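See below for the structure under consideration.
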Amino acid sequence: MSATNFPSDRSGRPDDAAPGDATAGAAAPETAQPAAAGPSESRSSAIMAAGTLVSRFLGFGKTWMLGTALGLGSTVNDTFINANNLPNLIFLLVAGGVFNAVLVPQIIKASKAPDRGADYISRLLTLAVLLLFGLTALVTLAAPGVIELTTQGYSPQQKALAVTFAFWCLPQIFFYGLYALLTQVLNANGAFGPAMWAPILNNLVAIAGLGMFIWIFGTNEFSAHTIDNWGSAQTLLVAGFSTIGVLSQTAILLVPVFRLKLGLRPRFGWRGVGLGHAARLSVWTLLTAAVGQLAFLYVMRIATIPGAERIRLQEAGDPSASTLPGNAVLEVASQLYLLPHSIIALSLATVLFNRMTRASQDGNRAELRDALSHGLRTMAVATVFGALALFALAGPLGMFFSGGSRQDGVMLAQTLTILALSTPFMSANFMMSRVFYANEDARTPFYVQLLLAVVYVAGAFAIQFLPVGQIIYAIAVLYMAGNILSVVISAVFLRRMLGSLDGPRIANSYIRMGYAALGSAVAGSAALWLLGSYNPDGFAWSGRLQALLTVAVAGPVMLGVYFVLLRLFRVTELGDMLRPLLGRLGRGGQAPAAEAGDAPSSAPAPGSSGHRPERATTSVDTGLIPRISGEFDAVSFRAGPDPERGVRRQDLHDDGRQQVPVAEYLPGEEQPATARGGLLSEQIPLPGRRTYQGKAGENPYFKKRRPRKK
């Protein structure tokens, strides 16, 4: 890529330095030589994985408590989960893309103004809060219609309960949006910890509510909770505390936001804010998100059919009612199946996105291909094992989350075995989609999403005509087929872009990991057989505690055999994945970057202008497949710092002079890079880049603040 594609005077400062950025020119030489990119990426990935792991662990605790309280295969649980998923899905459908692709970049760019963006961010927050409140009020008042559109076959009694749950849960839309905004205000000012741990409070509050429910009303296993004996107090403890948890997750972020001392307050007057321009640049991302969420909502509508049929069979005295899996079974299986992806693949893809962006802007096709190959191979160490481990351990896992019913445990295990084997494909597609966004191509992901949405909607339409007992299993098969198809479609588009995808090397690694995972599954199966997992009356099926002990015994056996076989098969990617963990323990932190592939050399690519290319700061996760779980994923709204650049900026907390090292974003650009074109980049600006127009802090439409008289 020629130097003309990267003008050095985009913002009138060397290296595009931001105001107050001490790294400009020769200043602060000690910060101009950051640590090697490889270890930095590794540390960032490990920190993200650790925070996600704690949140996921508590999330599973909440899921276990919900199954204990209501029963996994109960109609009440199906009804609640459908209503509780609606706020997140509606937020993502209507506002999620706008927040991540439009508002977030504006906040980050404005934070570099002399007033740290106080005036601009106040206006954005005021506007966003008013819009969120209006959207939430409108959707909540329309709860009966929303339930009608998102369910199928509900009886009047079940529909009334669903509407009640919806009235309690839909206000979460407001708090989800406010959480996303406050998170980015914190991130833009270098505070990343609060947003990482806030979701933990959400889970703790929900768990507390479910604990009180069990204490007062008992578990479903010994005191069945049905629509007929359900009351308002039960609704408060289940749905009410779910919403209080989301409120708490948002409210706790206000404390660190106030500590920033930005002076945020309601401010009106939004002419010149630049949201219209940013929205036009983000149209492809917004369309991609909308298509995916609409397809997912339709699939979820079909998933409500078995729960409605279960009531009719129970009223008719048909014993087959207990064998019908509902959307609660699909939801729990989805959470389990997503675990390897959310802990390893998501973190690794987010960190490698920096490297992909640099390679794309430098026109380095080989480096971009190598980054993709490295990401696919490294995350496969976890996802391939995760697929076989979940498949082998599906029985005891199903029993553990069953709520005490062996039949419910069987239904969950059967659903999980279908989903588990497609885990590597889902993660691979997510990594492949990062290449499009690193190349500032938001149009191709829309085409991929559109093709997949057609498959999902057509498949779901056909599934509704199957016997009702097969619907949930068929939806799981549809998700598995969609995950595989998404990789095929993405590979076709990527091959056109990159010429080749390092296919033989990737396939060789996956095959060797597959053999190792298969060997570990065989060893795990032997342990499970000894523990009675394959006997309906065996130890593993005698209770939830016994099921947990079975997983605790068989899991480490599988993991140990897997590591041994990886060594025997010389899978070098194992070291790449373990390096972040060993680095945090003080061991093995400095590995050769060439071998690990963590990052390219810090030297500029031939023909480049020599400055460090810009990094996108938001997680542009529009979900190239419909969301398989309705759970709110706070990770999608956490923008990460630049892990390679520790800069010094003015800390205004105390006396206005203290200099502290912080993880800082790279400075914003006045014009998106794709507007200039490049070897790998079409002229399609990436939604999520900084699109705030004009010099920071100098918007002519904003009235100047008059200094207060002392």
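These figures come from a predicted structure and were not determined experimentally. Residue numbers run from 1 in the order of the sequence given.
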Expected output: side-chain Ser427 to main-chain Pro424 donor-acceptor under 3.5 Å: no
For Leu294, side chain to side chain contact (heavy atoms under 4.5 Å, CB included) partners two or more places apart: Leu93
Which atom of Val448 lies closest to which atom of Ser490, heavy atoms considered: CG1-OG, 4.0 Å
Check ion pair Asp370-Arg505 (N to O, under 4.0 angstrom): yes
Side-chain donor or acceptor of Asn508 paired with backbone N/O of Pro504 under 3.5 Å: no
Check: Val571 and Phe563 side chains under 4.5 Å, non-hydrogen atoms: no
Evaluation steps, side-chain contact (heavy atoms from CB on, under 4.5 Å), between Met513 and Glu573: CA-CA 10 Å; Met513 293 175 200; Glu573 290 82 6; 3.9 Å; yes
Distance in Å, Leu89 CG paired with Phe91 CZ, rounded so as to fall on 0.5 Å steps: 12.0 Å
Leu390 versus Leu336, closest heavy-atom pair with distance: CD1-O, 3.6 Å
Pairwise side-chain contact, Leu330 with Ile475, heavy-atom cut-off 4.5 Å (strictly under): yes
Return a table of donor-acceptor pairs under 3.5 angstrom between the side chains of residues 491-502 and protein atoms on other chains or two or more places apart.
residue, atom, partner, partner atom, Å
Asp502, OD2, Ser373, OG, 2.6

Point-to-point distance, once rounded to the nearest 0.5 Å, from OG1 of Thr444 to CD of Gln449: 13.0 Å
Minimum heavy-atom distance between Ala460 and Leu478, given as atom pair plus value: N-CD2, 3.9 Å
Stepwise side-chain contact (heavy atoms from CB on, under 4.5 Å) check, Tyr337 with Leu421: CA-CA 9 Å; Tyr337 142 87; Leu421 294 180; over 6 Å; no
Parallel, tilted or perpendicular, as decided by the 30° and 60° cut-offs, for the rings of Tyr515 and Phe569: tilted
Validation row: Tyr479, Val299 side chains within 4.5 angstrom (heavy atoms): yes
Closest contact, heavy atoms only, Gly524 versus Met558: CA-CG, 3.4 Å
Rounded distance (nearest 0.5 Å) linking atom CG of Leu559 with atom OG of Ser520: 8.5 Å
Closest non-hydrogen atom pair between Phe391 and Thr417, with its separation: CD1-O, 3.6 Å
Any Arg369 side-chain heavy atom under 4.5 Å of His374 side chain: no
Which atom of Pro340 lies closest to which atom of Thr383, heavy atoms considered: CB-CA, 4.4 Å
Tyr510 atom OH, over 12 foreign heavy atoms within 6.0 Å: yes
Aromatic ring proximity Tyr456/Tyr298, centre distance under 6.0 Å: no
Cation-aromatic face contact Arg434/Phe430, 6.0 Å, 45 degrees: yes
Check: Thr378 side chain, Gly375 main-chain N or O, donor-acceptor pair, under 3.5 Å: no
Spacing of Met426 atom CE and Met480 atom CE [to the nearest 0.5 Å]: 14.0 Å
CG on Leu416 to OG on Ser334, rounded to 0.5 Å: 9.5 Å
Inter-residue atom distance Gln293.CD - Thr288.OG1, 0.5 Å rounding: 11.5 Å
